[in-house]
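Take a look at the structure set out below.
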Amino acid sequence: MNLLISKGMIKTAPLVIDGEQLNLTPILCFHSSPRCADEYREVLPLLAAKGRRVIALDTPGYGISDNPQKSCTIDEVADAFLEVADSLGIDEFITIGSLMGNFQAVSMASRYPSRVIASIYANLYVFPYKPADSEKNKFSSDSEGAPITDSFELKEDGSHLVNLHNTRKWLDPELNFRVVQGEITYLMNRRARYAKGVSMEDLSDYDFEAPAQKIPTSCPTPCIAGESFLSFFDTIGYHGTQQFDAGCQCFSNNEVASLSGPKSTINMINQMPEDFATLCNVFLEKQN
């Protein structure tokens, strides 16, 4: 869709697929990091087939969205997405998040309960919250920082690109190519904003529990877990199962579903689009 939105923090052309009937509540999709709206490429038409308008957005600094010109919090990114919804003439909507996108979704649902009528969380992972030692050290988008050192190191022989591929070599080559392309774009944008001292609030600095508990019971919050994703995070010491359960328990109106099998990974929305869309559609039809 050749739609360019330029307002506030975001300048992007979101992926928009319209169902045959537009009488059902639209869906806004928020991707994981370092992915982009491409994470929802396969599932968008499956969700739209039920007659919904489905929109996947690139977070600032990801995909084809512009880099933020100043440091920004998760709440500010969510507000930028809300501006996109306003630009599209969307009042009430459903959100679907994946990993990082879950934080943007919970921010939006907790602060704009009249706009978000349901919120679906895929591969929810809640970092153990570590509050800053003082308000002085708390992340702020108003502070100007010195250039930030980027941990990603460029290699003269180009091996840094090979390493990106090998990180996910278990993926189908075509999907791996798409994932690597998205990560390269993210890393290029990150280097550019770090050079200016511009950062984005880290997920581990965000108190997920507090806003999640503010979401009214009238807003259903189902969580979908990929069993291979949880197992992998458990294996590498990230306590995936424990942190997924901790996130689910933050919600007052929650139900849990899971996808299993070798493709139920961190990329399950791309790898299992039919199964993922079925779970979403069953839930949404049940909620009418």
(message) Could you tell me if Arg190 and Asn67 have a donor-acceptor pair between their side chains, going purely by distance under 3.5 Å?
(response) no

(message) Strictly distance-based, threshold 3.5 Å: is any side-chain N or O of Tyr40 a donor or acceptor partner for the main-chain N or O of Val54?
(response) no

(request) State, to 0.1 Å, how close Arg111 and Ser107 come at their nearest heavy-atom pair, and which atoms those are. (result) NH2-OG, 3.0 Å

(message) Starting from Leu187, can I reach Ile148 by hopping between I/L/V/M/F/W/Y residues whose side chains sit under 4.5 Å apart?
(response) no

(message) Looking only at side-chain N and O atoms, does Tyr112 offer a donor or acceptor that is under 3.5 Å from a partner on Asp79?
(response) yes

(message) Using modelled atom types and a 3.5 Å cut-off, is there a donor and acceptor pairing between side-chain atoms of Asn253 and backbone atoms of Pro216?
(response) no

(request) For residues Phe81 and Thr59, determine if any side-chain heavy atom of one lies less than 4.5 Å from a side-chain heavy atom of the other. (result) yes

(request) Quick one: pull up CD1 in Ile90 and CD1 in Ile27 and give me the separation to the nearest 0.5 Å. (result) 10.5 Å

(request) Examine His239 together with Phe233 and report whether their ring centres are nearer than 6.0 Å. (result) no

(message) Looking only at the side chains, is there a donor atom on one of Thr73 and Asp75 sitting less than 3.5 Å from an acceptor on the other?
(response) no

(message) Any heavy-atom pair between the side chains of Ser32 and Asn123 that's under 4.5 Å?
(response) no

(message) Using side-chain heavy atoms (C-beta onward) and a distance below 4.5 Å, is His31 in contact with Met100?
(response) yes

(request) Go through Asn270 and Arg178 one step at a time and tell me if the side-chain contact (heavy atoms from CB on, under 4.5 Å) criterion holds. (result) CA-CA 11 Å; Asn270 288 122; Arg178 289 161 50 190; 3.3 Å; yes

(request) Would you tell me whether Asn176 and Arg168 have side-chain atoms, one donor and one acceptor, within less than 3.5 Å of each other? (result) no

(request) Work out which heavy atom in Asp58 is nearest to a heavy atom in Cys36; give both atom names and the distance. (result) OD1-CB, 3.2 Å

(message) Contact between Gln213 and Phe251 at the side-chain level, heavy atoms closer than 4.5 Å - yes or no?
(response) no

(request) Output yes when a side-chain donor or acceptor of Ser159 lies under 3.5 Å from a complementary backbone atom of Lys155, and no otherwise. (result) no

(message) Let me check something: do Val282 and Leu284 share a hydrophobic cluster, defined by ILVMFWY side-chain heavy atoms less than 4.5 Å apart, either directly or through other members?
(response) no

(request) Report yes or no: do Ile269 and Leu46 belong to one cluster of Ile/Leu/Val/Met/Phe/Trp/Tyr joined by side chain heavy-atom distances under 4.5 Å? (result) no

(message) If we count only N and O atoms by modelled type, under 3.5 Å, do the side chains of Ser33 and Tyr62 hold a donor and an acceptor together?
(response) yes

(message) Taking the ring centre of each residue, are Phe127 and Phe208 less than 6.0 Å apart?
(response) no

(message) With rounding to the nearest 0.5 angstrom, report the CG to CD distance, Leu175 to Gln271.
(response) 6.0 Å

(message) Ignoring hydrogens, what is the shortest heavy-atom contact between Met268 and Ala122? Give both atom names and the distance.
(response) CE-CB, 4.0 Å

(message) Once rounded to the nearest 0.5 Å, what's the spacing between atom CD of Glu174 and atom CG of Leu171?
(response) 11.5 Å

(request) Answer yes or no: is there a donor N or O on one side and an acceptor on the other, between the side chain of Arg115 and the main chain of Asp91, under 3.5 Å? (result) yes

(request) Please report the closest heavy-atom contact between Ser252 and Ile215, naming both atoms and the distance. (result) OG-O, 3.7 Å

(message) If you apply the rule side-chain contact (heavy atoms from CB on, under 4.5 Å), what do you find for Lys70 with Glu76, and how did you get there?
(response) CA-CA 11 Å; Lys70 70 178 188 69; Glu76 288 171 323; 3.4 Å; yes

(message) To the nearest 0.5 Å, what is the distance between CZ on Arg191 and CG on Asp150?
(response) 5.5 Å

(message) Any heavy-atom pair between the side chains of Leu28 and Ile96 that's under 4.5 Å?
(response) no

(message) With a 4.5 Å cut-off on side-chain heavy-atom distances among I, L, V, M, F, W and Y, is there a chain of contacts connecting Tyr186 to Val162?
(response) no

(message) Measuring only between side-chain heavy atoms, which start at C-beta, is Glu39 closer than 4.5 Å to Ser98?
(response) yes

(request) Give a yes or no on whether a salt bridge exists between Lys50 and Glu285, defined as a side-chain N under 4.0 angstrom from a carboxylate O. (result) yes

(message) With rounding to the nearest 0.5 angstrom, report the CZ to CD1 distance, Phe283 to Ile120.
(response) 5.5 Å

(message) For a side-chain contact (heavy atoms from CB on, under 4.5 Å) check, start with the C-alpha distance between Val256 and Asn254, then their side-chain angles and the critical distance, and finish with the verdict.
(response) CA-CA 7 Å; Val256 178; Asn254 177 248; 3.5 Å; yes

(message) Strictly distance-based, threshold 3.5 Å: is any side-chain N or O of Asn281 a donor or acceptor partner for the main-chain N or O of Ala277?
(response) yes

(message) Main chain of Tyr121, side chain of Asn102: is a donor-acceptor contact present, judged purely on distance under 3.5 Å?
(response) no

(message) With no hydrogens and no angle check, just 3.5 Å: does a side-chain donor-acceptor pair link Thr95 and Ser119?
(response) yes

(message) Quick check against the 3.5 Å criterion: does Ser264 have a side-chain atom that pairs as donor or acceptor with the backbone of Ser228?
(response) yes

(request) Could you tell me which non-hydrogen atom of Cys223 sits nearest to which non-hydrogen atom of Leu124, and how far apart they are? (result) SG-CD2, 3.9 Å

(request) Return yes if some donor-acceptor pair links the side-chain N/O of Ser231 with the main-chain N/O of Glu227 below 3.5 Å, else return no. (result) no

(message) Do Leu161 and Phe177 sit in one hydrophobic cluster, given that two such residues count as connected whenever their side-chain heavy atoms are within less than 4.5 Å of each other, even indirectly?
(response) no

(request) Starting from the C-alpha separation in whole Å, work towards a yes-or-no answer on salt bridge (charged side-chain N to carboxylate O under 4.0 Å, His left out) for Lys214 and Glu209. (result) CA-CA 9 Å; Lys214 292 180 181 178; Glu209 181 178 359; over 6 Å; no

(message) With heavy-atom distances below 4.5 Å as the criterion, would you say the side chains of Tyr206 and Leu203 are in contact?
(response) no

(message) Using the rule given for side-chain contact (heavy atoms from CB on, under 4.5 Å), can you reason through Phe93 versus Leu82, listing the C-alpha separation, both sets of side-chain angles and the distance that settles it, and then say yes or no?
(response) CA-CA 10 Å; Phe93 50 85; Leu82 193 67; 3.8 Å; yes

(message) Between Ser65 (side chain only) and Gly61 (backbone N and O only), is there a donor and an acceptor less than 3.5 Å apart?
(response) no

(message) When you measure from the side chain of Gln104 to the backbone of Ala78, do you find a donor-acceptor pair of N or O atoms at a distance under 3.5 Å?
(response) no

(request) Please tell me if the side chains of Lys286 and Glu255 come closer than 4.5 Å, counting only heavy atoms from C-beta onward. (result) yes

